[in-house]
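Comments concern the structure below.
Position 1 is the first residue of the sequence, and the numbers go up from there. Please read all numbers here as calculations on a predicted model, not as lab measurements. Values reported hereafter were calculated over all heavy atoms of this structure, with side chains retained and with hydrogens, waters and symmetry mates removed.
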Amino acid sequence: MAERLTQTKGFNGFSYLDLADEIGIKNSSIHYHFKAKADLALALVERLHEGHSAVFEDLNKNLDTPQQRLQAVVDYFQTYIQDEKFCMCGMMAAELQSVSPAVRSRLIAYFKDLQIWLTEQFAAMGEPDAQNKALRFVSTAEGSLLLARLENDPKIVGQALKTFIHS
């Protein structure tokens, strides 16, 4: 629930009371597990980072080409818009001034790992500047998510990212 609230309202857009109401538990129960909201933010980013790392491993194992793997990532990003959400780490990065240093550090690690995986995909495609292309992919993905969310049109993400897959 906290992930969904972050993806839809931003991390600063909800309180523990909102979260407790969503889940149907007492506010104190959340405080028992996460003394401060920064602890919750860190747990969310860590869980997402670990989950995405596992997804990337699965994509590497189960899809034959880097183009197929990149398309799977694009398709995944498009589901955010279909579900009226935004990339959680992107949302927290937008609120960087209000997150703890530990969360900031973990967000940096998340985006670096994403770029490393993307660099591997572009290198496998023969891209001479794979690292720069990975940075442009992430930047384009996050920007297209903003526009797609604003216009409620998931196709914007695919349109913006298709040149990375079919180049």
Exercise. Stepwise, does the side-chain contact (heavy atoms from CB on, under 4.5 Å) test hold for Leu150 with Leu146?
Worked result: CA-CA 6 Å; Leu150 180 66; Leu146 282 172; over 6 Å; no

State whether the side chain of [X] and the backbone N or O of [Y] hold a donor-acceptor pair below 3.5 Å, judged by distance alone.
{"X": "Asp21", "Y": "Asp18", "value": "no"}
{"X": "Gln115", "Y": "Ala134", "value": "no"}
{"X": "Thr140", "Y": "Phe137", "value": "no"}
{"X": "Gln121", "Y": "Leu70", "value": "no"}
{"X": "Thr6", "Y": "Ala2", "value": "yes"}
{"X": "Glu95", "Y": "Asn12", "value": "yes"}

Verify same cluster id: [X], [Y] (apolar side-chain graph, 4.5 Å):
{"X": "Ile116", "Y": "Leu114", "value": "no"}
{"X": "Leu135", "Y": "Ile108", "value": "no"}
{"X": "Leu145", "Y": "Leu147", "value": "no"}
{"X": "Val157", "Y": "Val55", "value": "yes"}

Answer yes or no: are there more than 12 heavy-atom neighbours, outside [X] itself, under 6.0 Å from its atom [atom1]?
{"X": "Glu84", "atom1": "CD", "result": "no"}
{"X": "Arg4", "atom1": "CZ", "result": "yes"}
{"X": "Gln131", "atom1": "CD", "result": "no"}

Heavy-atom distance under 4.5 Å between the side chains of [X] and [Y], does that happen here?
{"X": "Cys89", "Y": "Leu48", "value": "yes"}
{"X": "Met92", "Y": "Leu44", "value": "yes"}
{"X": "Tyr76", "Y": "His52", "value": "yes"}
{"X": "Phe86", "Y": "Glu142", "value": "yes"}
{"X": "His49", "Y": "Glu46", "value": "no"}
{"X": "Phe14", "Y": "Thr8", "value": "no"}
{"X": "Met88", "Y": "Tyr80", "value": "no"}
{"X": "Ile81", "Y": "Ile156", "value": "no"}

If you round to the nearest 0.5 Å, how far is [atom2] of [Y] from [atom1] of [X]?
{"X": "Lys85", "Y": "Leu5", "atom1": "NZ", "atom2": "CG", "value": "10.0 Å"}
{"X": "Asp153", "Y": "Gln82", "atom1": "CG", "atom2": "CD", "value": "10.0 Å"}
{"X": "Leu19", "Y": "Phe34", "atom1": "CG", "atom2": "CZ", "value": "9.0 Å"}
{"X": "Ser53", "Y": "Asp113", "atom1": "OG", "atom2": "CG", "value": "5.5 Å"}
{"X": "Ser28", "Y": "His33", "atom1": "OG", "atom2": "NE2", "value": "10.0 Å"}

For this session: Verify side-chain contact (heavy atoms from CB on, under 4.5 Å) between Asp129 and Phe122, making sure each step is shown before the conclusion.
Result: CA-CA 8 Å; Asp129 192 1; Phe122 292 125; over 6 Å; no

Nearest heavy atoms of [X] and [Y], plus distance in Å:
{"X": "Pro66", "Y": "Ala124", "answer": "CG-CB, 3.8 Å"}
{"X": "Lys133", "Y": "Thr163", "answer": "NZ-O, 4.5 Å"}
{"X": "Leu59", "Y": "Ala72", "answer": "CD2-CB, 3.7 Å"}
{"X": "His166", "Y": "Gln71", "answer": "NE2-OE1, 4.5 Å"}
{"X": "Met91", "Y": "Gln7", "answer": "CE-O, 3.5 Å"}
{"X": "Ala20", "Y": "Ile30", "answer": "N-CD1, 3.4 Å"}

For this session: Take Tyr16 and His31 through the test side chain to side chain donor-acceptor pair (under 3.5 Å) and record every step on the way to the result.
Result: CA-CA 8 Å; Tyr16 271 11; His31 279 284; 5.2 Å; no

Problem set entry | Stacked cation flag Lys9 on Phe11, 6.0 angstrom / 45 deg | no

For this session: Just do the side-chain contact (heavy atoms from CB on, under 4.5 Å) check on Phe56 and Val73 with the steps written out, would you?
Result: CA-CA 9 Å; Phe56 294 143; Val73 170; 4.0 Å; yes

Exercise. Going through the distances and angles, do Met125 and Gln67 end up as a side-chain contact (heavy atoms from CB on, under 4.5 Å)?
Worked result: CA-CA 8 Å; Met125 293 168 65; Gln67 291 88 347; 3.8 Å; yes

